[in-house]
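Letters A, B, ... are given to chains in the order of the sequence lines, protein chains preceding strands, and every chain is numbered from 1. Note that the coordinates shown come from a computational prediction; the quantities given were computed from them, not determined experimentally. What's counted below: heavy atoms across the whole structure, side chains too, no hydrogens, waters or symmetry copies.
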Protein chains: 2
Amino acid sequence: MSSRDQLTGAMAELLWERGYAATSPRDVMARAGVGQGSMYHHFGGKHELAVEALSSVVGKVTGESSVLEGEGSPLERIKRYLTAPRPGTRGCRVGRMTQDPQVVADAELISIVASAFDTVLDRWERAITAAIEAGELPDTVVPADLARTLAAIIQGGYVLARAKGEQEPMDAAIRGAVAMLDAAHASVRDHD
Amino acid sequence: MSSRDQLTGAMAELLWERGYAATSPRDVMARAGVGQGSMYHHFGGKHELAVEALSSVVGKVTGESSVLEGEGSPLERIKRYLTAPRPGTRGCRVGRMTQDPQVVADAELISIVASAFDTVLDRWERAITAAIEAGELPDTVVPADLARTLAAIIQGGYVLARAKGEQEPMDAAIRGAVAMLDAAHASVRDHD
DNA sequence: GTCTATACATTGATAGAC
DNA sequence: GTCTATCAATGTATAGAC
């Protein structure tokens with residue numbers, strides 16, 4: 001693997017583990033196993049390296065086809081996506097960036113984060129719309145709203161898990177969400 | 001106001017605006033309008049000052065009686081608490097700390113955060129239990145789970161709002177949550 | 001109690017040899 | 001392309017005068 005790839009890989013890991021502000025070029029070079037000159041040859045500096053690393057992470061996450069667009073009924077897909085395994089205490093690779101003041105102040109970095117959420121929210125919205133059309137959710141539900149609610153539950157689950165240093169709050173938040181979706185589903189069926 | 005109070009106040013503000021790692025003792029002293037000697041006279045260092053400032057913030061937030069324990073039916077109180085104004089792009093004073101690697105690694109700081117969430121989650125849980133007993137939510141709902149779901153929606157709402165630099169994602173997430181609670185409520189009534 | 005001066009490590013970047 | 005040496009600025013803390 002090239003020095004360049006070693007560097008973006010190491011930066012991606014460190015962005016996840018420590019965030020942007022807390023990661024120094026020295027940390028990245030040490031993990032990548034390359035010298036200082038190598039890094040400043042391939043990249044203009046920390047900012048440029050982070051842009052490339054974060055873009056790569058977001059590309060991988062939003063590039064792969066989502067469970068939300070897979071097999072099964074819309075509500076099944078929604079619940080399957082919600083209950084997919086998520087190590088809560090490690091935090092979200094993308095969402096964690098929003099709490100880093102240096103990232104939010106950096107137009108280029110925050111726009112990568114914003115567009116990643118746009119992509120995910122769009123998938124949520126389409127799955128929810130399909131669920132309403134399939135009669136699995138009441139038509140009083142606004143897809144754009146519920147999309148943000150469900151995305152927030154995952155993001156907030158990470159916050160709760162990190163606050164306690166345990167996985168359980170994340171899992172509990174997801175179980176509660178699924179229970180609410182089931183109750184909403186029940187409220188539609190009863191009106192048939 | 002004493003220098004000591006100026007310092008804790010300034011640190012509390014900066015913890016909110018920039019987090020712990022990104023706040024230097026120099027920043028705090030500048031905002032507090034005191035010299036260096038003054039700070040190191042009152043506090044052992046940055047850590048000690050942050051502990052006092054964060055404890056004070058958490059004390060104020062969890063000390064005041066919550067809307068969750070106020071007037072109205074349990075479900076009304078839950079919805080009123082959810083829809084209380086929250087400037088999303090500023091982030092949560094407490095929740096933001098969980099994404100700061102230096103805070104999570106600091107046993108004293110993270111325990112302040114954890115206990116703040118414990119307090120809030122306990123209030124959520126009691127209100128939800130009361131709503132179930134009042135027949136406003138289905139008894140299939142697990143209070144401890146839904147408490148974490150609703151707390152996560154607020155925390156995740158901050159993340160989405162900061163990602164976009166807008167208030168709207170937070171408000172949308174809350175509207176979606178209220179809609180789901182209403183749907184769940186409907187599913188109970190129909191079974192009467 | 002508060003101030004200024006100073007110390008020492010780390011950060012992010014540059015210079016220049018190979 | 002990669003290395004080591006070095007730099008100016010900043011972060012955190014101490015010293016010592018008043």
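Cation-pi geometry between A:R96 and A:W16 is not satisfied (NZ or CZ under 6.0 Å from the ring centre, within 45° of the ring normal).
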Would you be so kind as to tabulate the donor-acceptor pairs closer than 3.5 Å made by side chains of residues 17-25 of chain B, with sequence neighbours excluded?
unit_1: B:E17; atom_1: OE1; unit_2: B:R31; atom_2: NH1; d: 3.4
unit_1: B:E17; atom_1: OE1; unit_2: B:R31; atom_2: NH2; d: 3.0
unit_1: B:E17; atom_1: OE2; unit_2: B:R31; atom_2: NH1; d: 2.9
unit_1: B:R18; atom_1: NH1; unit_2: B:D27; atom_2: OD2; d: 3.1
unit_1: B:T23; atom_1: OG1; unit_2: B:L14; atom_2: O; d: 3.4
unit_1: B:T23; atom_1: OG1; unit_2: B:G19; atom_2: O; d: 2.7
unit_1: B:S24; atom_1: OG; unit_2: B:R26; atom_2: N; d: 3.4
unit_1: B:S24; atom_1: OG; unit_2: B:D27; atom_2: N; d: 3.1
unit_1: B:S24; atom_1: OG; unit_2: B:D27; atom_2: OD1; d: 3.4
unit_1: B:S24; atom_1: OG; unit_2: B:D27; atom_2: OD2; d: 3.1

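Under the side-chain contact (heavy atoms from CB on, under 4.5 Å) test applied with B:M97, the options B:L109, B:L15, B:D106 reduce to a single match, B:L15.
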Inset, instruction - Encode nucleotides 4-18 of chain D as B, S and - characters from 5' to 3', where the letter depends on protein heavy atoms closer than 4.0 Å: B to the base, S only to sugar-phosphate, - to neither. - result: BB-----BBBB----
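A:M29 has its CE atom 10 Å from the P atom of C:dG12, to the nearest Å. Distance, A:H42 NE2 to D:dC3 C1': 13 Å, rounded to whole Å.
If you check residues 5-16 of chain A against DNA chain D, you find no residue with a heavy atom closer than 4.0 Å.
For the residue pair A:E136/A:S73, the side-chain donor-acceptor check at 3.5 Å is satisfied. With 3.5 Å as the limit, one finds no donor-acceptor pair spanning the side chains of B:H42 and B:E48.
Residues satisfying the salt bridge (Lys or Arg N to Asp or Glu O under 4.0 Å) test with A:D5, not counting sequence neighbours, are none. Applying the side-chain contact (heavy atoms from CB on, under 4.5 Å) test to B:A179 and every residue at least two apart in sequence or in another chain returns nothing.
Sorted by first and then second residue, the side chain to side chain donor-acceptor pair (under 3.5 Å) pairs involving residues 139-163 of chain A (not counting sequence neighbours) are A:D145-B:R175.
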